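Here is the structure we will look at, set down as structure tokens.
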Amino acid sequence: MKEPVHLQKVTTLNKEPESDMQEAESNGGDVCFKMHYEKEIEKKEDKGRSVGFFQLFRFATWTDTLMMAVGGVCSLVHGAAFPLMLLVYGMMTDTFVAYELEFQELADPNKTCTNNTVTWINGSIVELTDNSTVYCGVDMEGQMTMFAYYFVGIGVAVMLLSYFQIALWVTAAARQIQAIRKTFFRKVMCMEIGWFDCNSVGELNTRISDDINKINNAIADQVSIFIERISTFIFGFMVGFMGGWKLTLVVIAVSPLIGLAAGLMAMAVAKLTGRELLAYAKAGAVADEVLSSIRTVAAFGGEEKEVERYDRNLVEAQNWGVKKGTIIGLFQGYLWCIIFLCYALAFWYGSKLVIDTKELSPGGLIQVFFGVLIAAMNLGQASPCLEAFASGRAAAKSIFDTIDREPEIDCFSEDGHKLEKVKGDIEFHSVTFNYPSRPEIKILHDLNLLVKAGETTAFVGPSGSGKSTTVQLIQRFYNPKEGMVTLDGHDIRSLNIQWLRSLIGIVEQEPVLFATTIAENIRFGRPGLTMEDIVKATKEANAYNFIMDLPQKFETLVGEGGGQMSGGQKQRIAIARALVRNPRILLLDMATSALDNESEAVVQEALDKARLGRTTISITHRLSTIRNADVIIGFEHGRAVERGSHRELLARKGVYFTLVTLQNQGGATSKVKTKQTPEKETVEEPGIKRMSSFRFLRPSSHSQLSLNVLPDAISGSIQIDSDSFTENMDTEREKLKVEDEGEERIEPAPVARILRYNGPEWPYMLLGSVGAGINGAVSPIYAILFSQILGTFSILDLNEQRDQINGICAMFVLVAIVSFFSQFAQGYAFGMSGELLTRKLRKLGFHAMLRQEVGWFDHPMNSPGALTTRLATDASMVQGATGSQIGMIVNSLTSIGASFIIAFYFSWKLTLVMSCFLPLIGLSGVFQAKMLTGFANEDKKAMEAAGQVSSEALANIRTIAGLAKEKEFVHIYEQQLEAPYRAAKKKANVYAICFAFAQCVIFMAYAGSFRYGGYLVATEGLHYMVVFRVISVIVVSGTALGKASSFTPDYAKAKTAAAQLFKLLDRVPKISMNQTEGQSWDKFKGKVEFIDCKFTYPTRPDIQVLNGLTVSVKPGQTLAFVGSSGCGKSTSVQLLERFYDPDHGKVLIDGHCSSRVSAPFLRSQIGIVSQEPVLFDCSIAENIQYGDNTRTVSMEETTEAAKKAYLHDFVMNLPDKYETQVGAQGSQLSRGQKQRIAIARAIVRSPKILLLDEATSALDTESEKTVQAALDEARQGRTCIVIAHRLSTVQTADIIAVMSQGAVVEQGTHDELMAKNGAYHKLVTMGAPIS
């Protein structure tokens, strides 16, 4: 759709709603997965809270204020340029009309021109019917030259003004945003930990990136453009009233209808877009959850179920999208209808004033009409700016609130005492505490306890009894609700917080390392360390040797989150980091629970060294590690219930006694101390960086390097020499890099194929294209009618003049009605077809993802985050190649085609001259479109480095607070902001130059073409009506051209997005998930044999995980795998599930080779319970029923399974019973509860083979007993494969296979193996480092 010629300049800037939407979708994709988005919207709707507009500028310095003031003045003057041009335009029209009249009069040979008046040859003056005389002697050429100078003058002024207006505002905004980012990040880093419990890290990251960008949009160029448009609005009316007040009032009367439509449309679109994104956010959350736990989904055959669940959420998004299309269509139709009706009215009434009352000259009519119209248009176009202001103000609300919030515990504050001498006595005086994020649950209840200086105090008790909480209170992460914590008799709230934390060294269960070198990680412990200090600390922590074995020694990078290190190595680096602080107080929170026996012995020894002469608090579930503590304190329900030494407490027969006896039952030899170890797999899991994708089998630290360090459990020799290993690592990385780059250069997909997917919607597409064609033709038709009206003024016969004008006005009405329907058809039809396509592609894409083999997800390119983003953005981008895109193209093509035909038909010479300006006008359209969309993407890229710093800092905030390193991260972040800031300032200039060029082109075009038109009228007798017709038509087609080309980036993006999708759809998975492919048989017995299996993970082909594994288990038997970390135990389970196929050798199931068995069939026979069970964000009942996705599981079966898993009683105590929601990843439940749900889920399947992968390692002793009982029940009559580090859980197995380096070294029953005195015997006896 086109605006009338003269409005062209203004409207190109008004972003088409479609592109707005696409932008919202593409940027929205990542944001709106946060389900918080939903809450945010609700919040906004409830309170509509936002900051005042001028408060957005609270960070402006006086320089910024000056820049904005000057920029504002420039915008104001720039706004006056267009109305000024109308004055020139009006004078020019009058000149043309006068010349034409004179020409007609003088065509009579009896008339001549004397003293500028037409006279008869005999000298008497010619009088017309109304006694007026005819003016003559118009100097056409001279006049036209003058007008051309006017146009050029205005053009140059506009160029300068618009340059300054944009450059100044954008630069000032960049400076303020820089200040906001710094202030916000600094403020967030000094918030207390309780605040982070209530604000998700994801949401904060979103705020730092997206919300601050929204503020940027609200205070940058939008403001200057808004001022410019308002100024045009005011001056437009002034020009109108100066020219003729009657016509002005008539036009004003109808113009609110136009403004209203534009405003309403903007609001409706914004609201619907929000709703659509929100609906999609739900689907996105489903996709994210499913892809994050892909192994669980695969193991339980839930693929189809998940695709359905995803599709259900897509329907809602689709419906909102269709509504949006319909509403845009309706409003567009209404808008154009009103505009054309306005034309009809104004020209009809205006021509009355010109002809009948002579109040207006023809030029005056033009001036008034367009003055008012442009004013109204600009008012309408100011509304998108208001929207940017509104969203900026809303976004600023949460950011400024955070900036203004005073942290309860400010870690940057200098207040508080620093004690001269610290003994290290810690005492709790009747402390009561609950976490701020869960105020209804009391954690500590009137807790009194004393930790004496220099002693080692152990906290024991069941999980959830408040042991870790006390540690966090000592670090002052939280303040107690009642009571107080004292250090040497001083309330710790009165001490300086940075100083207090510098006294404390902490080693946690899951140590956090930062993505830098080992040495740098240790340096985080204390500023100003020498290399000697580091070496000394690593020696104390037993880490020195393994570090020196690494090729880069202390300069080895530990990977993101320490992902390149094994559990034991991370733990020892963390201990070294705690020791360099030379802390007075050492806190060990489950420091060894995550290790296997061997690593644990080493780490435990390091800790024993570290404890000497320090106040030490040790929390653990492993009682063997506590025996030699000076004092043991037993916790229960947030109280310290008993206190004494190991002996005293055993005599008391209280909490401690029960825990000890529970753990010792089932110890077969006096030496076996049950080991409670979530195995930190070292070599098992693939994936160089990704940890999140493997939530299924275990939270593995995918160690790459630990291989060189873990001496083999049995032979004690190291098998891999580290140099070659690391070279392999590097080549491996290179390979991955190359693949990554390969991914980028993807061939755009052929449009034909995209359209094929849209095929079923062809009736919609046809309807839309017809509508678009008609809409394209409307603008040239308008240009013809407009010039026709100007032509009528030179008709001498008044009656004929009136008839012609009425006829033209009737045509306008007709065009109005037609364009209403065609606009609506275009909007609705393409909206419908586009949304259907998007939904179809999203569903297909998601389905294709779930069809891939598990190995595919190991590749970093296919991490859950990357895949969900791809679903969100790619599918909606493909719409850019179909749907509204086709509409745009058809529209522009008909418009350009019709325009040129008309123009060449009337005057080819003028058309050719005019065509020289076409590329420029087109280019200005392109620039403006590019400016609105292009810069957003560049900004995003520039901010990435800073984003990584902020997200790492926020994700590990506890560790940073414990190390008191907040200031350092703030500093790093501010350094990372420099580059994007410089880029933003440079961008301001580029943007301003483009903008200035785009704004002044039209003036130059007018200057050139009207001057030439005047020449043609004067010398070749061309009718002036033709000049106006040709020029209007060409300007119209020029803007159409600009619009069409401005869509090309979307089009290109759509093609690459589609190509990525098709690549996914076309990929043939290595392990087919098709029900029909592969063998299946009726009497499944459950006999499993591994025959000489060799295997490496596809993402790490250089590490042999299984090396000739041979072992078999008969139906109904229990096979236990034992061995140190990384020997391939879990891998064997994954081969059995057919997540992977062995590279060599085979796995036989009931005598059938697994690679020929149908994967769905095989998995349906296997139940699995893993160390970290993955639960879905739905009710407990639904989670249990997930066990069998082939049918609907009845409630009776569900409760039956729950009873078997010892879960039923616990569920019945919950308020919602089985309908209780478990939260994302089961976060509302304790580990023991999650584990039992997972067992019930496996039982529902009634599998023939049960796999227990470390099923009890993460539990404390009490939960473990119940879970173990549940497992023993579940094992009855099934083939069972158990993996465990706790040897007590293994003793009852029929076959125990000891694995090492990916092969079985010995197998037999417990007693046989103990008698052999070999590897198994060594593992059992080593299990008790403290005895």
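Computation of the quantities below employed the complete heavy-atom set of this structure, encompassing side-chain atoms and omitting hydrogens, waters and symmetry-equivalent molecules. As the structure is a computational prediction, the values presented were derived from the model and not from experiment.
In this structure the side chain of Asn496 never reaches within 4.5 angstrom of the side chain of His417, judged on heavy atoms. Annotation: side chain of Asp630 is not in contact with side chain of Thr457 (no heavy-atom distance under 4.5 Å). Under the 4.5 Å side-chain criterion, counting only non-hydrogen atoms from C-beta, Leu503 is in contact with Leu487. For the pair Thr469 and Tyr478, the minimum side-chain heavy-atom distance is 4.5 Å or more. Contact of the Ile492 side chain with the Thr486 side chain is not registered, since no non-hydrogen atoms from C-beta on lie closer than 4.5 Å. Side-chain contact check for Val422 versus Ile585: every heavy-atom pair is 4.5 Å or farther apart. Using a 4.5 Å cut-off on side-chain heavy atoms (C-beta onward), Leu500 and Arg476 make contact. For the pair Ile632 and Phe459, the minimum side-chain heavy-atom distance is 4.5 Å or more.
For the residue pair Gly505 and Pro583, the shortest heavy atom distance occurs at N-CB, 3.3 Å. When all heavy atoms of Thr402 and Lys187 are compared, the closest pair comes out as O-CG, 3.3 Å. Contact between Phe433 and Lys481 at its shortest, heavy atoms only, is CA-CG, 4.2 Å. Between Arg1241 and Leu1175, the shortest heavy-atom contact is NH1-CD2, 4.1 Å. Closest non-hydrogen pair, Phe428 versus Val485, comes out as CE2-CG2, 3.8 Å. Contact record, Met191 with Arg405: SD-NH1, 3.1 Å, taken as the closest heavy-atom pair.
Using a 4.0 Å cut-off between charged nitrogen and carboxylate oxygen, Arg523 and Glu968 do not count as a salt-bridge pair. The pair Glu408-Arg493 fails the salt-bridge criterion, with no side-chain N (NZ, NE, NH1 or NH2) lying under 4.0 Å from an Asp/Glu carboxylate O.
Here the two rings, on Phe969 and Phe524, have centers that are under 6.0 Å apart.
For residues 443-456, there are no salt bridge (Lys or Arg N to Asp or Glu O under 4.0 Å) pairs, not counting sequence neighbours.
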